[in-house]
Amino acid sequence: VQLQASGGGLVQAGGSLTLSCSVSGDALDFGYWAIGWSRQAPGDIREPISCISSNGRSTYTRPSVKSRFTISRGSAKNMVYLQMNSLKPEDTALYYCAAEETSHSDYLCDAHGVKYWGKGTLVTVSS
């Protein structure tokens, strides 16, 4: 499974960005795959932000950003998006998407699940 995150950039505080995650690989045609977004700020550990189930019906977004970030699946099965609004300087980080195989189409990412990571996309929010 291969993933590519894109859409990062420099934005002023209060602005918006939409990150895209393109997922590919033969394995996607078999089983269920939840897709999650995580971020890592300089000097910090990577933290999970949001996850969407294989069928798109279940989502989770960490409470600290839930009012501002929205995860969604595109009409194309292999695309997942993270809409980020009202960005703050503390949102500055390298954002990664990851794929995780699940046993049910409704299941979300598991903190201990095996994940396939793509390269991150940098989001910088200026004050």
*Asks:* Kindly say whether L10 contributes a backbone atom to a donor-acceptor pair with the side chain of T124 at under 3.5 angstrom?
*Replies:* no

*Asks:* Quick one: pull up CD1 in I49 and NZ in K66 and give me the separation to the nearest 0.5 Å.
*Replies:* 15.0 Å

*Asks:* To the nearest 0.5 Å, how far apart are OG in S53 and OH in Y60?
*Replies:* 15.0 Å

*Asks:* Is there a path of hydrophobic side-chain contacts, each under 4.5 Å between heavy atoms of I/L/V/M/F/W/Y residues, joining L28 to L3?
*Replies:* yes

*Asks:* What pair of heavy atoms forms the shortest contact from G8 to T121, and how long is it?
*Replies:* N-OG1, 3.0 Å

*Asks:* I need the minimum non-hydrogen distance between A13 and S127, along with the two atoms involved.
*Replies:* CB-CA, 4.3 Å

*Asks:* Spell out, yes or no, whether L94 and L82 are grouped together once hydrophobic residues are joined by side-chain heavy atoms under 4.5 Å, including indirect joins.
*Replies:* no

*Asks:* Find the distance between CD1 (I52) and CZ (R73) and round it off to the nearest 0.5 Å.
*Replies:* 5.5 Å

*Asks:* Does the side chain of S126 pick up a donor-acceptor pair with the side chain of Q12 at under 3.5 Å?
*Replies:* no

*Asks:* Side chains of P48 and R62: closer than 4.5 Å at any heavy-atom pair?
*Replies:* yes

*Asks:* Side-chain heavy atoms nearer than 4.5 Å, only ILVMFWY residues, links allowed to pass through others: does that put I71 and I35 together?
*Replies:* yes

*Asks:* Assess whether side-chain contact (heavy atoms from CB on, under 4.5 Å) is satisfied between T18 and M84, documenting all intermediate values.
*Replies:* CA-CA 6 Å; T18 300; M84 306 187 296; over 6 Å; no

*Asks:* Relative to Y96, does R46 satisfy both conditions: NZ or CZ under 6.0 angstrom from the six-membered ring centre, and within 45 degrees of the ring's axis?
*Replies:* yes

*Asks:* Is atom OH of Y32 surrounded by more than 12 heavy atoms (other residues, nucleotides or ligands) closer than 6.0 Å?
*Replies:* no

*Asks:* W37 and F69: ring pair (Phe, Tyr, Trp, His ring centres under 6.0 Å), yes or no, with the steps?
*Replies:* CA-CA 11 Å; W37 286 96; F69 291 9; over 10 Å; no

*Asks:* Could you state the interatomic distance from CG (L122) to CD (Q40), rounded to the nearest 0.5 Å?
*Replies:* 12.0 Å

*Asks:* Taking atom OG of S22 and atom CG of N78, what is their separation to the nearest 0.5 Å?
*Replies:* 5.0 Å

*Asks:* Please tell me whether L108 and V80 are part of a single hydrophobic cluster in this structure, the criterion being side-chain heavy atoms less than 4.5 Å apart.
*Replies:* no

*Asks:* Evaluate the side-chain proximity of L87 to L17: yes if any heavy-atom separation is below 4.5 Å, no if none is.
*Replies:* yes

*Asks:* Examine distances only and state if a side-chain atom of K115 and a backbone atom of G36 form a donor-acceptor pair shorter than 3.5 Å.
*Replies:* no

*Asks:* Does a side-chain heavy-atom distance below 4.5 Å link M79 with S20?
*Replies:* yes

*Asks:* Does a donor on one side chain and an acceptor on the other come within less than 3.5 Å for S50 and T61?
*Replies:* yes

*Asks:* Go through the side-chain N and O atoms of S16 and N85 and say whether any donor and acceptor fall under 3.5 Å apart.
*Replies:* yes

*Asks:* Got more than 12 heavy atoms from elsewhere within 6.0 Å of CG, D26?
*Replies:* no

*Asks:* Measure the CD-SG distance between E100 and C51 for me, rounded to the nearest 0.5 Å.
*Replies:* 6.5 Å

*Asks:* So, the side chain of W33 versus the backbone of A27: is there a donor-acceptor pair under 3.5 Å, distance only?
*Replies:* yes

*Asks:* Any chain of hydrophobic side-chain contacts (each under 4.5 Å) joining V1 to Y81?
*Replies:* no

*Asks:* Show your reasoning for whether side-chain contact (heavy atoms from CB on, under 4.5 Å) applies to W117 and S38.
*Replies:* CA-CA 10 Å; W117 294 94; S38 298; 3.6 Å; yes

*Asks:* Would you confirm whether S58, through its side chain, and D106, through its main-chain N or O, come within 3.5 Å as a donor-acceptor pair?
*Replies:* yes

*Asks:* Identify whether the distance between the nearest side-chain nitrogen and carboxylate oxygen of D91 and R68 falls below 4.0 Å.
*Replies:* yes

